[in-house]
Enquirer: 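One structure follows; several queries about it will come next.
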Number of protein chains: 2
Amino acid sequence: MQHPNPERAALAGATPARAQTARERARDQITAEIVAAARIRLAESGPGELSLRAVARDVGMVSSAVYRYFASRDELLTALLVLAYDDLGSAAERADAAVADRADVIGRWLAALRAIRGWALAHPGDYALLYGSPVPGYAAPQATIEPAVRVIVVILSIVTEAHALGRIATPTAPAGPVTAAAEMASVAGAVAFVRARGLVGDEVPTELVIRTLMAWTTVFGTVSFELFGHLVGSVTDLDVYFDVVASRLAADLGFSALR
Amino acid sequence: MQHPNPERAALAGATPARAQTARERARDQITAEIVAAARIRLAESGPGELSLRAVARDVGMVSSAVYRYFASRDELLTALLVLAYDDLGSAAERADAAVADRADVIGRWLAALRAIRGWALAHPGDYALLYGSPVPGYAAPQATIEPAVRVIVVILSIVTEAHALGRIATPTAPAGPVTAAAEMASVAGAVAFVRARGLVGDEVPTELVIRTLMAWTTVFGTVSFELFGHLVGSVTDLDVYFDVVASRLAADLGFSALR
DNA sequence: GTAAAAGCAAGAGCACTGCTCTCTTTTGTT
DNA sequence: AACAAAAGAGAGCAGTGCTCTTGCTTTTAC
């Protein structure tokens, strides 16, 4: 007999058209319990160390019972992945939204980036799950890409809004080994993404998209280096260093200072 | 009984003063065999999946025998770590050295960065071991930091030599949320490293060190994003995109074009 | 030259893992 | 109340890292 595929409803919160039966409610509740227990365990160890049996013990089940809810350990990890992406995304969104002066794009930029780092430091296990080396055989399911995109949308929104507000001096592309046409083609996907999202500033230049993608990459790299211990000898004050990086990134994007 | 700590000699190549006995030679050879087998297994799966028992089977031993050579799985991984760091470092060094015109700093920059990415694509398992999420309990031993530094030294050398040659227009620090003094203090370790290494250009400005550190972070982030599949939707031509990133980084560092 | 010491390989075994079965119990629905 | 579907429990398989004991060989010491 095939195992059902139940965690969809519980995770996406997509209530089916029909009213839930009592059994469905119980199922969702236990599913949530399992995920919550897994999350706690993940907080204090990496994704590779997450033991399905240990999670089962935490919720007072035998390991085989968990397989009624998740067909495999990878499926449990996928559920945690979605949750973590959403958590990170909403943290960034909240930080951006908390800046009262919407025209203070540098302030919003700094707030969003600090929120990302703060979340990563507070949830290192989740961060490793999201951005650490993936399990070789593991391919992220379609359901994960939508929540994964939230944090990037926050960053992109700030940049595109700054552009629409005229608060960005779009940097020009430097002379390089690649033709301009090839450069544009290489990031066509990202540009199409911006357009499809209907973000403010439909005419956002390709160079700005490239710069934003690079900035996001640098943020990820900086946080990863800090979390994975690659900065121990070089950087003494990690808090300050992150702000330093964030301000350089803003400058490279062409943000014009407000004050 | 305590296990001896044998792999030191075999890995560091530090031949003791006394001539090697037959047993010592055999030990070094078998140690090398184990490492080689582990390396092959690592190439086609992540570090977390590397099974000590499997490599034992590969070399025709029983698993307990391997523990004569490596006290734990982590120690085996450390040996692989040192090897991989050295491999990556020498790849970058060779790429830099292969540029005939030593004053063509942009060409050297591009060559070194391309070599780093090329090595990562050719050895994804090793790359994940070096720069992927570490095992939570694992702290890198002292012996690993020297080889880890090689690839960074290549990058730093190009930048400092370019500075000494006057081929870099040091960018000025943008106004930011941090005082200049705090900025300098935060990267004091990295600056001290440059001075201690006796790299060309002892008076290399702090801002340049920050920029180089950031550039290295971006390179790492770009390669990681590519390898871990975080660019699938956004970037269509990864080869071109990497060159785009590399040229932007060179521009941000203030490299003045040669031609 | 022989005896003691140290090093090496093998095997059994422990506690753990992911996962698959079968069997029994619970539980919501009709 | 009766029934079927779902859920839980348990045993079991193949694998893991690691330890300990048992023989055997090589090196060292007397």
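On a predicted model such as this, the values are computed, not experimentally measured, just so you know.
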Enquirer: OP1, OP2 of D:dT16 versus side-chain N and O of B:Arg57: anything below 4.0 Å?
Expert: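 Result: yes.
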
Enquirer: When you measure only distances, ignoring hydrogens and angles, does the side chain of A:Arg68 come within 3.5 Å of the base of D:dG8 through a donor and an acceptor?
Expert: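 A donor-acceptor contact between them is present.
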
Enquirer: Remember a base hit wins even if backbone is also touched, and classify A:Leu76 as base, sugar-phosphate or nothing at under 4.0 Å, heavy atoms.
Expert: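 No contact.
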
Enquirer: For a quick test of reading the model: is some side-chain N or O of A:Ser51 closer than 4.0 Å to OP1 or OP2 of C:dC16?
Expert: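 No, because none of the side-chain N or O atoms of A:Ser51 sits under 4.0 Å from OP1 or OP2 of C:dC16.
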
Enquirer: Under 4.0 Å between any heavy atoms, over every strand shown, what does A:Arg25 touch: base, sugar-phosphate, or nothing? Just pick one.
Expert: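 Counting heavy atoms under 4.0 Å across all strands, no contact is made by A:Arg25.
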
Enquirer: Does a nitrogen or oxygen in the side chain of A:Ser64 sit under 4.0 Å from OP1 or OP2 of D:dA9?
Expert: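 Answer is no, no contact under 4.0 Å.
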
Enquirer: Identify whether the distance between the nearest side-chain nitrogen and carboxylate oxygen of A:Arg39 and A:Asp87 falls below 4.0 Å.
Expert: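 Salt bridge between A:Arg39 and A:Asp87, a charged N being under 4.0 Å from a carboxylate O: yes.
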
Enquirer: Counting the atoms with a prime plus P, OP1 and OP2 as sugar-phosphate, which does B:Leu50 contact under 4.0 Å by heavy atoms, base, sugar-phosphate, or nothing?
Expert: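 Here B:Leu50 touches the backbone only, sparing every base.
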
Enquirer: Which whole-number value in Å describes the distance from A:Tyr67 OH to D:dA11 P?
Expert: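 So the OH-P distance, A:Tyr67 to D:dA11, works out to 18 Å.
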
Enquirer: What does A:Ser63 touch in the nucleic acid at a heavy-atom separation under 4.0 angstrom: a base, only the sugar-phosphate, or nothing?
Expert: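 Since a base atom lies under 4.0 Å of A:Ser63, the category is base.
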
Enquirer: Rounded to the nearest Å, what distance is computed from the CD atom of residue B:Glu33 to the P atom of nucleotide C:dC8?
Expert: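 Whole-Å distance recorded here is 14 Å.
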
Enquirer: Rounded off to whole Å, could you give me the CG-to-P distance for the B:Leu52 and C:dA9 pair?
Expert: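 To the nearest whole Å, that distance equals 14 Å.
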
Enquirer: What is the separation between atom CD1 on A:Ile34 and atom C1' on D:dG8, rounded to the nearest whole Å?
Expert: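 My rounded result for the distance is 12 Å.
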
Enquirer: Ignoring backbone atoms, establish whether A:Arg73 has a side-chain N or O less than 4.0 Å from OP1 or OP2 of C:dC19.
Expert: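 For C:dC19, neither OP1 nor OP2 has a side-chain N or O of A:Arg73 closer than 4.0 Å.
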
Enquirer: CD of A:Glu49 versus P of D:dT16: gap in Å, rounded?
Expert: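 In whole Å, D:dT16 P lies 17 Å from A:Glu49 CD.
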
Enquirer: Looking at the side chain of B:Val62, which of C:dC19, D:dA6, C:dA10 is the nearest nucleotide?
Expert: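 Among C:dC19, D:dA6, C:dA10, the one nearest the side chain of B:Val62 is C:dA10.
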
Enquirer: Taking the six-membered ring for Trp, are B:Phe228 and A:Tyr131 closer than 6.0 Å centroid to centroid?
Expert: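 That pair fails the under 6.0 Å test.
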
Enquirer: Output the rounded distance in Å from CZ (A:Phe70) to C1' (D:dG8).
Expert: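 In whole Å, D:dG8 C1' lies 16 Å from A:Phe70 CZ.
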
Enquirer: Should the pair B:Arg197-B:Glu146 be classified as a salt bridge under the 4.0 Å nitrogen-to-oxygen rule?
Expert: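 Salt bridge present between B:Arg197 and B:Glu146.
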
Enquirer: Between B:Ile30 (CD1) and D:dT25 (C1'), how many Å, whole number?
Expert: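 Value for this atom pair: 13 Å.
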
Enquirer: Should A:Arg53 be listed as having a side-chain N or O under 4.0 Å from OP1 or OP2 of C:dG18?
Expert: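 Checking A:Arg53 against C:dG18: no side-chain N or O falls below 4.0 Å of OP1 or OP2.
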
Enquirer: Considering residues at least two apart in sequence or located in another chain, which fulfil the ring-ring contact (aromatic ring centres under 6.0 Å, His included) criterion with B:His123?
Expert: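 With sequence neighbours excluded, B:His123 shows a ring-ring contact (aromatic ring centres under 6.0 Å, His included) to B:Trp119, given in chain and number order.
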
Enquirer: When the distance from CZ of A:Arg27 to C1' of D:dA6 is rounded to whole Å, what number comes out?
Expert: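 In whole Å, D:dA6 C1' and A:Arg27 CZ are 8 Å from each other.
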
Enquirer: Hey, does the side chain of A:Tyr69 come within less than 4.0 Å of D:dG8's phosphate (OP1/OP2), counting only N and O?
Expert: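 Looking at the OP1 and OP2 atoms of D:dG8, one of them is under 4.0 Å from a side-chain N or O of A:Tyr69.
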
Enquirer: Taking side chain to side chain donor-acceptor pair (under 3.5 Å) as the test, write out the residues that go with B:Arg41, two or more places apart.
Expert: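 Checked B:Arg41 against side chain to side chain donor-acceptor pair (under 3.5 Å); matches are B:Asp58.
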
